[in-house]
2 protein chains.
Amino acid sequence: MPITPVRSPKLYLLIVEQLKQLIQRGEYRPGDRLPTERELAQLFQVSRAPVREALVALELLDIVEGRVGGGWFVRRAPDASLDVAAVQGRPPSDILHARVLVECAVVEQVARQCDEDDLDALRRAVEAFEAEVERGEYHGDADRLFHLTLARASGNTVFADLVGYLWDLQNGQFFQRVEGMSGTARPRMERYAAEHRAMFEAVATRDASRAREAMRRHLEGVYQDLLDS
Amino acid sequence: MPITPVRSPKLYLLIVEQLKQLIQRGEYRPGDRLPTERELAQLFQVSRAPVREALVALELLDIVEGRVGGGWFVRRAPDASLDVAAVQGRPPSDILHARVLVECAVVEQVARQCDEDDLDALRRAVEAFEAEVERGEYHGDADRLFHLTLARASGNTVFADLVGYLWDLQNGQFFQRVEGMSGTARPRMERYAAEHRAMFEAVATRDASRAREAMRRHLEGVYQDLLDS
DNA sequence: GCGGAGAATTGGTCTGACAATAAGATCAGC
DNA sequence: GCTGATCTTATTGTCAGACCAATTCTCCGC
């Protein structure tokens, strides 16, 4: 179980972050020239070394480009990113509502249009979760996999992004650590497994409205469990 | 026949290339510790600086990980598609569907429950966009602000995250830069301004279903414009 | 105005140094 | 012999200053 990684704030990572934001917000646009390394070092109140390391790293991402004797130029805006680490915790109810909105739509769409391959993948995800519960362990991977597989089956890559983000947001915030599945945890997991299977069955029988309802109840149940604990 | 640009081989790029190959060929596997920076510098016959720049760049790609006082560790093998995947965005239609799902729900909820302060903020966002169009400039900030203000007015912080992400995803991918608003751009922007105002009016009069429809038409219109250009 | 030579600027690299952290080694105590 | 704390060493992260090569700017002659 991954304990929250305590990261020491390295300067070059902070500089990378700031530069990315500056470019994404249009402060510097593609084609623009950045301040010189020495100027950036002064602005960030550091030496040239971490500034260069940040710039070189961004160059490998094709975001900036360094020309000897010329300067650093912006090539493209950094990709939009949903970074859980950058978010300092959202109200659980906000997460719930977002998950209900997105995942209900997802499961409804999957029920309407998924093919046999999707169903196979879903079945495997359900069984992996059941096996985990059976063995008495839970580290979330199989749970996340089910929701992500569902999102992928929708055929919409953006939905997959959102579902993964929301899962991390919800579960990273709360049970960072579920050790051994003590006491009340086990019945919960068994219920979750059953709910996953129910959703799968609804999808397999192409019952969109039943699938949607199953998802809504599942998410609300998980939310309640989180609040209780 | 395009002349191949003779690029001056920067040392850190050569080192990045060699390290990537070493890891890809299994010389160093995930979990392994790389030689120390000083050892690598000796091996490559260079100083520490370019070695560090290469390592830091690989760290941003999640290929290696540097621990203070510990050393550099391999996290995963660099897969060739990573760079491409980082660059290529999401299918525009996927983004559209996600935006319709989320933002229609947002605007509907705002129409139902927003207060006077929210309406003020929305009005200011609408007027800022109109002023931008009036001045003949468009750099997206005011557009983004409107959608984000709407999301914030919903009271759900996660919705704000999602809306911001989806906006960046859609607009970062296409018009990275709209300079001067040439030809067909201006009428478009005027239409967008009008649509924003229409949404605002619908919200202000608490007409949830009209607001939702206005949002859906707006997003689909934007999508069509993007495809046309 | 134009072209070209020289000066100033700027990225790329090197060297050496120091602090902070992590990991290994040592040692006292039982 | 084992445990736990302490000390030592190793390593990264950062700083400062310097030099080189490529680029860009400037200014001068024409």
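Letters go in sequence order (proteins before strands), and every chain restarts at 1.
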*Between Ala49(A) and Phe73(A), name the one whose nearest nucleotide on DNA chain D is closer to the 5' end.*
Ala49(A)
*What residues form a side-chain contact (heavy atoms from CB on, under 4.5 Å) with Glu220(B), not counting sequence neighbours?*
Leu96(B), Arg216(B)
*Would you find a donor on one side and an acceptor on the other, under 3.5 Å apart, between the side chain of Asp94(A) and the backbone of Asn156(B)?*
no
*Looking at residues 32-47 of chain B, who's got a heavy atom less than 4.0 Å off DNA chain D?*
Arg33(B), Thr36(B), Glu37(B), Arg38(B)
*More than 12 heavy atoms from other groups under 6.0 Å of CD on Glu190(B)*: yes
*Roughly how many Å is it from CG in Leu55(B) to P in dT14(D), rounded to a whole number?*
13 Å
*Between atom CG in Leu14(B) and atom P in dT13(C), what is the gap in whole Å?*
9 Å
*Are any of Tyr12(A)'s side-chain N or O atoms less than 4.0 Å away from OP1 or OP2 of dG13(D)?*
yes
*How long is the line joining CD of Glu59(A) and C1' of dG12(C), in whole Å?*
11 Å
*Can you tell me the distance, in whole Å, between the CD atom of Glu53(B) and the P atom of dT13(C)?*
6 Å
*Counting only side-chain N and O atoms of Arg52(B), is one of them less than 4.0 Å from OP1 or OP2 of dG13(D)?*
yes
*Euclidean distance, Ile95(A) CD1 relative to His97(A) NE2, rounded to 0.5 Å*: 11.5 Å
*Taking N and O atoms by type only, does the side chain of Arg48(B) place a donor or acceptor under 3.5 Å from a partner on the base of dG13(D)?*
yes
*asked:* So does Gly70(B) get a backbone contact from the side chain of Arg33(B), meaning a donor-acceptor N/O pair under 3.5 Å?
replied: yes
_Run the side-chain hydrogen bond (donor to acceptor under 3.5 Å, both in side chains) test against Glu59(A) and tell me which residues pass, sequence neighbours left out._
Lys10(B), Tyr12(B)
*Checking all strands, does Leu11(A) fall into the base, sugar-phosphate, or nothing category for heavy-atom contacts under 4.0 angstrom?*
sugar-phosphate
